[in-house]
*Asks:* 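Structure incoming, see below.
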Amino acid sequence: MPEPTKKDEMSNGEKESVATDSSEAPMPTPEISLEVSPPPAEQPVETEGKDPQPIEVLKPVQPEPVENGSKEPEPEAVVVGAKEQVESVNSEVKEEAPSPCSPPPPATVKEEAEPVVTEVNQPPEPVVTVVTPPPPPPPPEPVVTEVTQPPEPVVTVVTPPPPPPPEPVVTVQVTPPPPPADKDDDGTTNTPSPPPPPEDANTVKKLSIELPNDSVHVSAMGRKDSVWSLGEGQAPEDLDKPVDTPPLSSLLIERPQGGSITVGGDISFVAKVEAQDLLRKPTIKWFKGKWMDLASKTGKHLQLKETFDRRTKIHTFEMHIIKAKDNYAGNYRCEVTYKDKFDSCSFDLEVKELEQSQSVDIRSAFKRSSEGHEDAGDLDFSGLLKHREPKQDETPEVDVWEILKSARPDQYEKIAFEYGITDLRGLLKRLKKTKKEEKKSEAFAKKLDPAYQVDKGGKIRLVVDLADPTVELKWYKNGQEIRPTPKFIFEQKGTQRILVINNCGLNDDAAYSVAAGEEKCTTELFVKELPVKITKEIEAVKTTVNERIELECEVSEEGAQVKWCKNGVEVPTGPRSRYRVKSEGLKHWLIIDDASKEDTGTFSLMASGGTSEAKVQVELKPLKIIQDLQDMTVLLGQPLKMHCEIFPGNVPGRWYRNGQLIQSNDRINILQRAKNHRLEIVNSTIHDAGDYTFVPEGYTQSLCAKVHIVDPPRVHLESLNFPDNTVTIVAGNKLRVEIPISGEPAPRVVWMKGERVILDSGHRVRAETFSDYTSLTIDIAEKEDTGNYKIVLQNEAGEAGASIKVKVVDIPDPPEVPLVTEVGGDWCSMTWEPPIYDGGSPILGYFIERKKKQSSRWMRLNFDLNKETTFEPKKMIEGVPYEVRVFAVNAIGVSKPSEPSKAFVPLAVTSEPTMLVVDDVTDTTVTMKWRPPETIGAAGLDGYLVEYCIEGTDDWRVTNKELTEKTKYTITGLPPEAKILVRVRAINAAGASTPRTLQHSILVKEVIEPPKIRIPRHLKQTYTRKVGEAVNLVIPFMGKPRPKVSWLKEGQTVDPTQVTIRNTDCDSIIFIRKAERKHSGKYDMKVEVENHVDTAIIDIQIVDLPGPPQCVKIDEVWGGNVALDWTPPKDNGNAAITGYTIQKADKKTMEWYTCIEHYHRTCITITELVVGNEYFFRIYSENMVGLSEGATQTKDSALIVKEGMQLKNPEYIDHDFKEPPKFTQPLINTFAIAGYNATLNCSVRANPRPKVIWMKNKIAIIDDPRYRMFSNQGVCTLEIRKPSPYDGGMYSCKAINDLGDALVECKLEVKGGFTFSELMQRGVPLHLIDKYMSETKVVEQPEK
C-alpha cells in the first residue's frame, strides 16, 4: 500500500500546513482549533484546577508546495509558540520505537499555558521561515469540534534547528495508533501510520501529551458519533487496506496540475495519453484521496469528459469542477490503465473562502456531509474547524440554541427537522455541554443522570425517584416503549423506580427515557467493549507447495473481530481469494488450501488487545515429469496444441520457442490447470515451427519438443476474378492463364483435360509451373479447346485440385433451313430452328434475306436484329416464287447464311364450292355432296369445311374439325325431325373461300333399312385369348334407322360388370379388360330395326396355364433306370394338354435338371442315372399357353444302388397345413363422402391361398375402373375412387379355395349426390344412371 504524501488530506478534511521558502507568495490557511480527548481510564482524570484550553494550531504564512507523486512523509512545520518554552517541554519527552501493529504507550506532560516547543535534529541546512502569528481573537462562544481518537492518541512535536529570525518554527504531527480489531464499530476512524524509522540523528522525537477535558463525560470517550471526519476523501475503515497498483509506465504525456479556486468557482484538470501504440482506448479513473472513485459522483458540480483527436492520435481526459464548495479541497489522483501498463498522477485542489468569519451557524454545522452520495452519513466537522461563514440557505437570524435550551427533550427532533439539522446525535451531545438551567420537576424528585456507562456483558440499573408514587411510569428506548422481559426488569422500592438491563450489548447503546405523566427525563447509555487478548499464540509452519496450511490462534472473547496480516499487510479474504478465514468459539483459523512459494512470510493475527506472529516457510517439491512434450507436425492454419503434465501441480512455468519467450495474445493461449500445462495456437503459421521448451518456475529442468509446420497445396482461383472460373477466348487468339499456387514444400503440378495430361513440352497447348504460380498456354485457340481443365497439386502435406473452364467463342453456325408455314397474297410466315452451335456466346438475334427464285440477288428484310425465330416477309408479288434465308448473330459476329428455304408462291383464296346438294338423311345425320370451286388458283385446294345451323338461328357450327378432301360429308349428332341449313367453304393455303349455302332447309328424318350383320372372317371360327389379355371385338352391321343391338351368353344376359359392350350406329364392340376363363362361351348378337331382325354367334375361348400332373409315382427302380407313372392334371387350363416336362434332382444338392420336354405320354423310363445317388423327380404339364406354374414331385426318392443291394427309406407322414378360408377381421359398416376415395378392409387366413372376390349387392365387381382391389399377406382392400351415392349399398368379400369358402359383408353409405350431367361426365352407363335417379326419387318422396 503506498504511503500517504504530504499533500494527502488530514483526517479533518484539511491539508497540513508547511512553511516554505520566503521567495514564494504566501497562501492563507484557515485557522484550526482542535480538542483532543484523553483515553478512557479507570480513575477520573484530574486537572491542575484550570479550565482546559484547546491547543490552537496557528497557520503559517507561506506553505511549501510539494511535488505530485511524493512517496515518503516528511516532517511539517507549524508555528506553535515562543522559543522560551522549549526547555520546559523537552524535559518531559520520551523516545519510543512502537511496533507497527500495537499502539504506542502514552507519555504524560504537564499542561502549560504557553505553547510548547521542542527541538529535533533535521537534515542539513533546512530552509525555514520565521513567522510571528498574531493571536487569534477569541470568539464570543467558542465552537470546538471534539475528535475522539482511538485509545492513547500520540502528538509528536518536531522542531527544526533554530533559524536566524528570533521566532522559532515548530511542526506538530499527530500519529494515531493502529486501528482497533473490532470491525463492528464502523464509526471509529483509523489513520495509517508509516513504519517507524531507525533511531539516528534524523529520528523524529515523539511526545505523548495527556489533555484533560472535563467538558465531556468520561463515558463518551470512544463513541461512534465522535468521529475525526475525513471529509469526502477516504473512508476511515479503508485506510489500512492495501491498494494494488500495477507497475508504473509512461502513458501520460500531459499530467493534470494542481490549482486553487475560491468557493463557487470553476476549475478543469486535463490529462492526455498518446494512442500511437495502443490498440484500443485506455481506461482512466479519477480519485479523491486514496479510494473515492469520482465516476459515481458526477452531476451538476462534477463532470468528466473524454475526446480523441484522430489526426494527432491523442486521448484527452478532462475533469471539470463547477461551483466548487469548500469541502472539495484535497488531494486528487488520476490513474490510466492499458492492458499491463499503468500510470498515475496526484494533484491538489485548494478552495479559498471569500471571507473569513468567526460566526458559526448551528444548522450548517450539524448537517451531514456528502448527502446523496455513497459516503453520505459521515459527519463533516470542517465547517466548525474553519469557522467559515454559513450558507444563506435559510435565514440565520433565529438563535436555535436558545430555542433548544428552552424546549423539552421530546421536541428536539421536531426543532432539528424544522431548522434543517440532520445530525441529531451530535446536536444532543453539544447541547449537553451547554449549561442549562434546571427547572424543578413536579413528577420527579430525582431524575436520571445525563449518561451511564457499562461494560459489554455487564448489568446496569437506571433509577428515578418519583415525587408522586401514584403516577403511571413508562420506560422508552430510542422512543420505543420497553416491555418487561428477562433482559429488561422493572423494580420498585418506595418512590424509586428502577430499570435493570441485563447482559448489555452494543445494541443496548442508545438513548433511554422515562415518562411520568406529562413529564419525561432522558439519559444515554454507553456500552464499553473490553480489549480482546490473545490466549494461544500462532505456531510456525514449514511445508511444501500444494499442501494445506492451517494457522490457529485463540482469543479471550467469542465472536471477537480480528485481522490476519502477512508481512504487516492485511490478508485479502474475498470470494476469489486464496485465503480462507474461519472462526469457532474462541478459536480463529487462517487456511491456505493450496500453498505456493509466495506464501512464505510472517503471518500475524491482530486483536484489539494484542498481536500474535508466526513464520510460514513453503518450499518446492521435487519435480516429476508425468507427461513430456511430444514432437508434432501440424498443417498450416490448423490449431497447434502442446501439452505436458508435471508434478507437483499448480507450478507456473514459461514457454519458449527457439529460445524466445512466448507471450499470450489473441492467437496464443497459455493455459494451466493443476498439473496440466497447455500451449494452444489458434492458427499456426510457418513462423510457429521450431524447438519448443517449457521451463517450470523455480526448477532447472525443462521439457522440449520440435514442431514442424507443413502447408497443404492450394490453388488460388479467387485471384483470377473470372466468373464461375470460366475463361473466355475468341477462336484464333492466344490464351495464357496464370494461376497462383501455394504449399510447403513446393507442390508438384499436373494439368489435365479429361484423361489427357498436358505437358510442358506441348507444341500448341502446354502447361508450365513456377515457384508461386502455374500457367496454361494455348497459342491458337480452337473450338475443340473448349472444356474443363483440371489442376492437381501434390506434396507431402496432401493433395489439392481445382478446375477452370476454357470457353472458346466464335461466330455461330448457320441456322437450320427456314420453313414457310403460311402464305398470303403478298406475304408469308416463316420459322426456323436456332443454330446447333452458338459459337460459345448467346445468340443476340437474326437477319433475314429473300430473293426471287430465278434471281441471284438477296435482299435484307430487317436492319434491326430479330430476337424471335419467326418472321413475316411482306410486299411480295403474288404468284412469283420466292426463297428466304437466315443469318445468326452473336457477340462475336454474324454467321454464315442458312440454306435457302423451299420456294413458295404468295397465293390468294379460292372461289366458293359449287353444286351443293343433299345425298342422304337419317334421324340424326345428313349427308351432303358438292363440287369443287370453279377457280382454285395457284395455292391449290387443301380441303373443305362443312357448317350447319338450325333454321331460324345464326349459330353456325363446324361439323368437321379437320378438313375433308372429299366432296361428300355426313353431318352427325343432329336432333331428330329438326330443320337445318348447311354451307361449305373451300380451304387452301391462303385461307377459307366464300361459303356455298344450301338454299332450302333439310328435315332430319331417317328412311327404314333392314339390319344386316357383317361378321369379320376371323370371328367366324372360335376366338381364342389367354387369361389376362384384353378382348376387343368389333362387329359391323347395317340398318336404318339406328338398329337396336342386344347380346346373350349361353342364353343369359351378359353381365355388364364382367363384359363391357358399346354400340354405335354401324357396329358393336365387345370389350373385356382382363380376360378370365369364365368369359369363355358363345355370345349371341341380335340386331333389330323395328320388325326386322338379324343374328350372329361369336365363340370366345379363354385359355390359361394348366395345373400340375396328379399322383407322380416311381413304379420301379432297376440298375440306373427309374420308371415313372402319373395321371393328367385336374385342370387343363381350358385347352388340351400338349405334353409334359420331366426334371430330376440329386437329394444332396436338390438342383433340378430337365430330362425331357414336350413328352406326350403319362409314363416314362429315365435312364443313365448315377449309381449311389438318390433322386427326386417332378413333372410339369403343358398346353398351348405354356408350362404349368407348379410341378408335381415324387414323395419317395429313387436310390440307384449296385446289383444285390437295396435300401428301404423310412416313410414320414407330412403335416397337413391346409385349411379352408376364415376371416380374422370382418368388414365394418362405413360412411363415405361423395367425391372422396373410400376403402374397405378385411383380413382372411387360408391354405392354399384363396381366391378373393369382391361383390356389390351380391354382384361380382370385375374390371370396373372405378374400383381398385389389393391383397397383401392376407389383408384384402377395396378402394372406391371418388364414390357417388350410386356406389352405396351392401359390399361383400368372398374367399374361395379347394377346401371351402367364407364370406363377410358390410354396408357403405355415401353422403352427397350428383346430377345427371355429372354422372354422364363420369362415364356411368345410362341404365345405371336411370336406376340411380329412380332410387333417389323414391328416397326423396317419403321424406316430403
Side-chain angles (χ1 to χ4, degrees), residues 39-44 148 151 180 182-188 216-226 408-410 412-413 424-429 431-432 441 443-532 556-561 586 608-609:
E42 298 296 335
Q43 300 297 331
T148 304
D182 188 1
K183 294 184 180 179
D184 292 335
D185 193 356
D186 298 330
T188 304
V216 181
H217 195 276
V218 176
S219 61
M221 311 306 290
R223 294 283 294 146
K224 299 177 186 177
D225 53 355
S226 300
R408 298 195 308 272
D410 59 349
Y412 290 163
E413 292 187 15
L424 184 58
R425 295 289 296 269
L427 175 65
L428 295 176
K429 194 170 184 180
L431 192 60
K432 289 178 185 178
S441 173
F444 297 100
K446 181 181 179 182
K447 294 186 178 182
L448 295 171
D449 292 341
Y452 294 86
Q453 179 176 349
V454 64
D455 291 337
K456 181 179 178 182
K459 175 181 178 181
I460 192 169
R461 298 161 59 87
L462 306 181
V463 183
V464 295
D465 199 351
L466 298 178
D468 182 5
T470 62
V471 176
E472 182 181 359
L473 199 71
K474 291 185 179 180
W475 292 89
Y476 297 90
K477 174 184 177 182
N478 289 337
Q480 301 293 328
E481 185 177 356
I482 301 175
R483 301 293 182 184
T485 61
K487 184 176 184 64
F488 298 99
I489 300 175
F490 298 155
E491 296 182 0
Q492 180 177 351
K493 291 182 180 181
T495 60
Q496 289 185 345
R497 300 294 184 265
I498 305 169
L499 171 63
V500 181
I501 304 175
N502 296 316
N503 192 20
C504 293
L506 294 179
N507 57 347
D508 295 320
D509 187 305
Y512 291 84
S513 61
V514 56
E518 297 295 330
E519 287 196 43
K520 181 186 289 187
C521 65
T522 61
T523 186
E524 287 202 30
L525 175 61
F526 299 91
V527 180
K528 179 181 178 182
E529 286 192 275
L530 297 178
V532 179
S556 60
E557 182 181 339
E558 290 190 8
Q561 299 294 328
L586 301 176
S608 60

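The figures that follow rest on heavy atoms only: side chains count, while hydrogens, waters and symmetry mates do not. Keep in mind that what you see is a predicted model, and the values were worked out from it rather than measured.
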*Asks:* Which residues pass the side chain to side chain donor-acceptor pair (under 3.5 Å) test with D468, sequence neighbours left out?
*Replies:*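 Counting only residues at least two positions away or on another chain, D468 forms a side chain to side chain donor-acceptor pair (under 3.5 Å) with T470.
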
*Asks:* Between L448 and V514, what is the shortest heavy-atom contact and its length?
*Replies:*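 Looks like CD1-CG1, 3.9 Å.
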
*Asks:* Restricting to salt bridge (Lys or Arg N to Asp or Glu O under 4.0 Å), what partner residues turn up for E481, sequence neighbours left out?
*Replies:*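 For E481 the salt bridge (Lys or Arg N to Asp or Glu O under 4.0 Å) partners, ignoring immediate neighbours, are R483.
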
*Asks:* Centre of Y476's six-membered ring, under 6.0 Å away, within 45 degrees of the axis: is that where NZ or CZ of K520 sits?
*Replies:* yes

*Asks:* For the atom pair CD1 (I482) and CD1 (I501), what is the distance rounded to the nearest 0.5 Å?
*Replies:* 6.0 Å

*Asks:* Quick one: salt bridge (Lys or Arg N to Asp or Glu O under 4.0 Å) pairs with a partner in residues 486-500, sequence neighbours left out?
*Replies:*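 Matches after skipping sequence neighbours: R461-E491, K487-D508.
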
*Asks:* Please list, chain by chain and in numerical order, all residues satisfying side chain to side chain donor-acceptor pair (under 3.5 Å) with D465, sequence neighbours excluded.
*Replies:*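 Checked D465 against side chain to side chain donor-acceptor pair (under 3.5 Å); matches are T495.
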
*Asks:* Check S556 against P531 and note the closest heavy-atom contact, atom names and distance.
*Replies:* OG-O, 4.4 Å

*Asks:* Which heavy atom of G505 sits nearest a heavy atom of V527, and at what distance?
*Replies:*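 Scanning both residues completely, I find the closest heavy atoms to be O-CG2, 3.3 Å.
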
*Asks:* Enter the distance from I460:CD1 to D455:CG here, rounded to the nearest 0.5 Å.
*Replies:*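 The CG atom of D455 is 10.0 Å from CD1 of I460, to the nearest 0.5 Å.
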
*Asks:* Whether the side chain of D509 engages the backbone of F526 through a donor-acceptor N/O pair (distance < 3.5 Å, no angle test) should be reported.
*Replies:* no

*Asks:* With distance as the sole test, does T522 use its side chain to make a donor-acceptor pair with the main-chain N or O of Y512 at under 3.5 Å?
*Replies:*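 Between the backbone of Y512 and the side chain of T522 there is no qualifying donor-acceptor contact (under 3.5 Å).
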
*Asks:* Please list, chain by chain and in numerical order, all residues satisfying side chain to side chain donor-acceptor pair (under 3.5 Å) with T485, sequence neighbours excluded.
*Replies:* none

*Asks:* Rounded to the nearest 0.5 Å, what separates atom NZ in K456 from atom SG in C504?
*Replies:* 11.5 Å

*Asks:* Indicate the atoms forming the closest heavy-atom contact of W475 with I498, along with that distance.
*Replies:*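 Of all heavy-atom pairs spanning W475 and I498, the closest is CZ2-C, 4.3 Å.
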
*Asks:* Under the side-chain contact (heavy atoms from CB on, under 4.5 Å) test, which residues partner A516, sequence neighbours left out?
*Replies:* A443, F444, L466, V471, L473

